[in-house]
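Sequential numbering from 1 along the given sequence is applied to the chain's residues. Excluded from the calculations below are hydrogen atoms, water molecules and symmetry mates; all remaining heavy atoms, backbone and side chain alike, are included.
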Amino acid sequence: MNGKRKIRRRNLNYITILRGIATLGITFFHLFPQRIKGGFLGVVMFFLMSGFLMTRNLDNKSNLNSKEELKNSLISRFSKLLPPLYTVMVIGLLVSFIFYKDIFTDSIKSAFPVAFGYQNISQIVSGGSYFQRNGNFSIFTHLWYISLQIQYIFIFYVLNFLINRYDLQKFRKKIFAGLTIISFVIMYILAIRKANITRIYYGPDSRMSALFLGGLLYLESERFENYLKKFTEKTQKIGFLIILVLSIIPFFFVEGESYFTYRLFMVFYTLLVGFLVLSLYIYEKNLILGHGRVRRKIGPVGTILYYLGSRSYHIYLWQYMLEIFFAYALATGTGSKIGFFLLEMILLIVISEISYNIFKIKFKKRPLLIITILFMAAMVFASSFIKDSKDQDMKNLEKTLNKNKAQIEADNKKALESKKNKKEENRNDETSTSSNGKDSNKSNKVKKAKDKYDFDFTTSELSYLKDLSITAVSDSILIDINSYLRDYVPNLYLDGEVGRDLPEGPDVLTAIKNDQGLGNIILIVLGSNGKIEADDLSQIMQIADGREVLFVNTSHTQPWQDYINGQLADFCKETDNAYLVDWYSYAKGKKELFAQDLVHPNVEGSEYYAKIVIRAILNTRNYLKN
């Protein structure tokens with residue numbers, strides 16, 4: 001207490017609104033990771049508010065002096081956190097077991113790590129990434145946050161118990177400040193040394209700065225309150241609004257996989273949001289104490305955000321799970337994307353509301369915890385008897401990729417030898433560009449081109465392809481399709497790498513150009529892993545130096561699919577000598593063309609993929625016109 005004036009928890013409207021903003025940031029990051037790149041920063045907001053409010057609640061109670069009190073406090077916290085978590089997990093496992101075995105086999109591996117609060121540690125050990133989710137159908141990926149929250153609750157209460165037990169109250173602020181600084185330093189060092197992003201993002205030590213900074217700011221709230229009194233209420237509101245806007249803007253551009261984010265940006269952002277939480281708390285406390293209640297209307301937007309904030313935990317639990325179910329259903333079906341999205345949002349609100357109201361009712365939760373834990377244990381045990389065909393399929397795919405990479409190296413050498421033995425072709429006969437930057441024959445090519453899915457290649461077309469040289473830059477997709485393409489185009493030079501993103505394309509293409517020169521046509525198969533920038537596309541065109549460049553779009557289950565494909569389509573439409581190879585339209589809804597990760601084509605899919613690329617090459621080169 002320490003002389004602080006109390007403010008009832010239910011009156012914290014503005015912090016609840018901030019919680020609603022954080023919920024939207026995380027939700028939109030899951031749904032639109034290319035547009036709301038920094039939505040994951042909502043987690044920083046949650047940790048700050050958690051540390052702030054836990055410290056406030058402890059000070060109001062001031063009774064954490066015995067082991068019994070520590071035990072009761074932990075039980076109280078976990079009794080609110082765990083029952084909804086376990087219930088959602090059991091429902092998710094049951095639904096996936098009945099309808100989507102691939103989702104079940106991916107998710108069951110994380111059941112115990114999530115349930116017992118070590119999912120983030122498990123992900124660090126296994127190297128699983130929150131930002132690279134291709135081929136992973138686990139409905140529990142997002143619950144690393146709950147695991148970290150469980151760890152932080154335990155650490156926080158035990159630390160405060162020790163502070164009370166050994167009469168260290170006068171050092172409490174210094175302890176919180178020290179832990180905050182240590183955490184910032186750990187994150188900075190890991191980022192400077194370029195440690196695995198998973199280690200930085202999931203690490204309890206590298207992320208606890210927000211928790212203890214929140215606690216420290218509450219302990220300093222009276223001092224800061226006296227400082228705020230120097231400003232008028234209007235000035236305070238303008239200041240809050242500016243800080244809020246500055247806190248939201250990074251949602252749109254900060255990269256979770258960038259080391260810069262974890263060097264200095266995260267420090268400044270955590271301090272900024274911490275200042276916002278503290279300011280909102282003091283502002284609202286003074287309103288309540290001055291008027292007995294908050295008389296200010298929060299408006300329709302504030303009402304919506306307050307609603308989302310009050311149900312944020314339940315929305316968080318359900319949202320990503322529903323997204324995986326819907327994404328999987330959409331990838332294996334042909335339904336309307338807009339319809340699927342609207343249905344998903346409606347279902348999310350309805351289920352979250354039901355969940356919120358059920359657990360709002362006071363009832364004995366221990367039987368529920370026991371039942372759900374036993375059910376998960378039974379499911380984990382039963383899963384050992386279920387053949388994980390996807391896991392075996394992925395192991396076989398990995399072996400195939402490794403084998404193909406060795407074969408690609410040998411094939412590339414043959415292609416280079418063939419290129420040296422051939423007379424150099426006159427580039428003016430091979431490409432047709434104008435000084436205005438617009439391909440003068442592009443419209444003619446479109447008129448004379450065959451259907452993009454016409455795979456009935458003529459003898460003359462096949463003969464033409466034998467003399468054509470192609471330079472390809474790819475992620476893992478083309479590594480698996482190498483042999484199918486070379487059946488048509490033996491003079492193919494392929495540089496493929498698992499996990500490669502489009503931003504790496506310009507450097508790779510430049511290296512090929514400098515080392516052995518480029519072929520007649522450039523083939524770019526990048527985009528499955530989620531990154532794309534217009535500047536990178538433009539750089540590729542400049543490096544191509546007038547050659548035709550074919551960009552193949554992508555088909556998978558991740559939310560960035562449409563964004564990537566849209567960017568490629570727009571760029572090819574507006575740029576000379578840039579052409580789109582439409583794999584997505586052909587493969588959409590055809591699960592039989594894919595491996596079980598729904599990303600890499602299987603044997604049948606690889607054959608069609610190669611044919612689609614070949615038809616695009618022939619149409620682009622306008623072979624029929626020659």
Side-chain angles (χ1 to χ4, degrees), residues 1-23 42 44-64 73 76-77 80 156-157 160 169 172-173 176-177 180 210-248 270-299 301-313:
M1 293 188 291
N2 299 326
K4 290 184 174 68
R5 294 171 290 175
K6 291 184 180 181
I7 172 174
R8 292 178 296 170
R9 184 176 182 177
R10 69 168 185 253
N11 286 329
L12 293 176
N13 292 342
Y14 292 112
I15 289 183
T16 302
I17 288 173
L18 185 61
R19 190 181 288 119
I21 293 173
T23 300
V44 177
M45 292 182 173
F46 277 125
F47 281 144
L48 276 162
M49 289 183 280
S50 180
F52 189 95
L53 294 175
M54 281 198 296
T55 304
R56 166 182 163 269
N57 292 339
L58 281 178
D59 275 22
N60 284 344
K61 293 178 181 178
S62 189
N63 62 350
L64 199 62
S73 295
S76 176
R77 292 288 301 182
K80 296 176 183 178
F156 192 85
Y157 276 85
N160 279 277
Q169 285 290 344
R172 194 179 183 196
K173 293 179 183 179
F176 280 22
T180 300
L211 180 83
F212 284 105
L213 178 62
L216 177 63
L217 289 173
Y218 175 77
L219 296 177
E220 290 288 345
S221 59
E222 279 193 358
R223 180 181 300 180
F224 188 72
E225 182 179 354
N226 293 329
Y227 176 76
L228 278 184
K229 289 178 180 178
K230 299 177 181 179
F231 303 95
T232 64
E233 181 179 329
K234 182 179 180 180
T235 302
Q236 289 181 35
K237 291 178 68 174
I238 293 174
F240 300 157
L241 183 60
I242 292 173
I243 298 172
L244 178 61
V245 170
L246 292 176
S247 300
I248 294 175
T270 305
L271 292 171
L272 178 71
V273 176
F275 182 74
L276 176 63
V277 172
L278 175 60
S279 301
L280 291 175
Y281 171 77
I282 293 173
Y283 177 72
E284 184 165 355
K285 183 176 76 168
N286 289 333
L287 287 177
I288 293 172
L289 293 173
H291 304 285
R293 61 187 179 89
V294 179
R295 296 180 177 177
R296 305 298 197 276
K297 294 182 179 180
I298 57 179
V301 174
T303 300
I304 293 172
L305 291 174
Y306 182 84
Y307 173 83
L308 295 175
S310 63
R311 286 141 177 84
S312 59
Y313 182 50

**OP:** Return the set of residues passing side-chain hydrogen bond (donor to acceptor under 3.5 Å, both in side chains) with Thr235 (not counting sequence neighbours), or none when no residue passes.
**Re:** Thr232

Original post:
Does any non-hydrogen side-chain atom of Leu244 lie less than 4.5 Å from one of Ile21?
Top reply: yes

Original post:
Taking only residues two or more places apart in sequence or in another chain, which ones pass ring pair (Phe, Tyr, Trp, His ring centres under 6.0 Å) with Phe275?
Top reply: Phe224

Original post:
Are Lys234 and Ile238 close enough that some pair of their side-chain heavy atoms sits under 4.5 Å apart?
Top reply: yes

Original post:
Heavy atoms, side chains only, cut-off 4.5 Å: are Asp59 and Leu219 in contact?
Top reply: yes

**OP:** Would you please classify the geometry between the Phe240 ring and the Tyr283 ring as parallel, tilted or perpendicular, with 30° and 60° separating the classes?
**Re:** perpendicular

Original post:
Pick one: which of Ile242, Ile243, Ile248 meets side-chain contact (heavy atoms from CB on, under 4.5 Å) with Leu246?
Top reply: Ile242

Original post:
Lys229 versus Asn226: any side-chain heavy-atom pair under 4.5 Å?
Top reply: yes

Subject >> Ile17 vs Val301 side-chain heavy atoms within contact, under 4.5 Å >> reply: no

**OP:** Would you please name every residue forming a side-chain hydrogen bond (donor to acceptor under 3.5 Å, both in side chains) with Ser279, sequence neighbours left out?
**Re:** none

**OP:** Just jot down the ring pair (Phe, Tyr, Trp, His ring centres under 6.0 Å) partners of Tyr307, sequence neighbours excluded, or say none.
**Re:** none

Original post:
Quick check: does any side chain N or O of Ser50 sit under 3.5 Å from a backbone N or O of Phe47, one acting as donor and the other as acceptor?
Top reply: no

**OP:** Not counting sequence neighbours, which residues clear side-chain contact (heavy atoms from CB on, under 4.5 Å) with Ser312? List them please.
**Re:** Arg19, Thr23, Phe46

Original post:
So, do Met54 and Tyr218 sit near enough that their side-chain heavy atoms are less than 4.5 Å apart?
Top reply: no

Original post:
Can you find a pair of side-chain heavy atoms, one from Leu217 and one from Tyr281, that are under 4.5 Å apart?
Top reply: no

**OP:** Decide yes or no on side-chain contact (heavy atoms from CB on, under 4.5 Å) for Ser221 and Arg56, but give the supporting numbers first.
**Re:** CA-CA 10 Å; Ser221 59; Arg56 166 182 163 269; over 6 Å; no

**OP:** Tell me, please, which residues at least two apart from Ile304 pass side-chain contact (heavy atoms from CB on, under 4.5 Å).
**Re:** Leu308

Original post:
Do Tyr313 and Lys80 have side-chain heavy atoms sitting under 4.5 Å apart?
Top reply: no

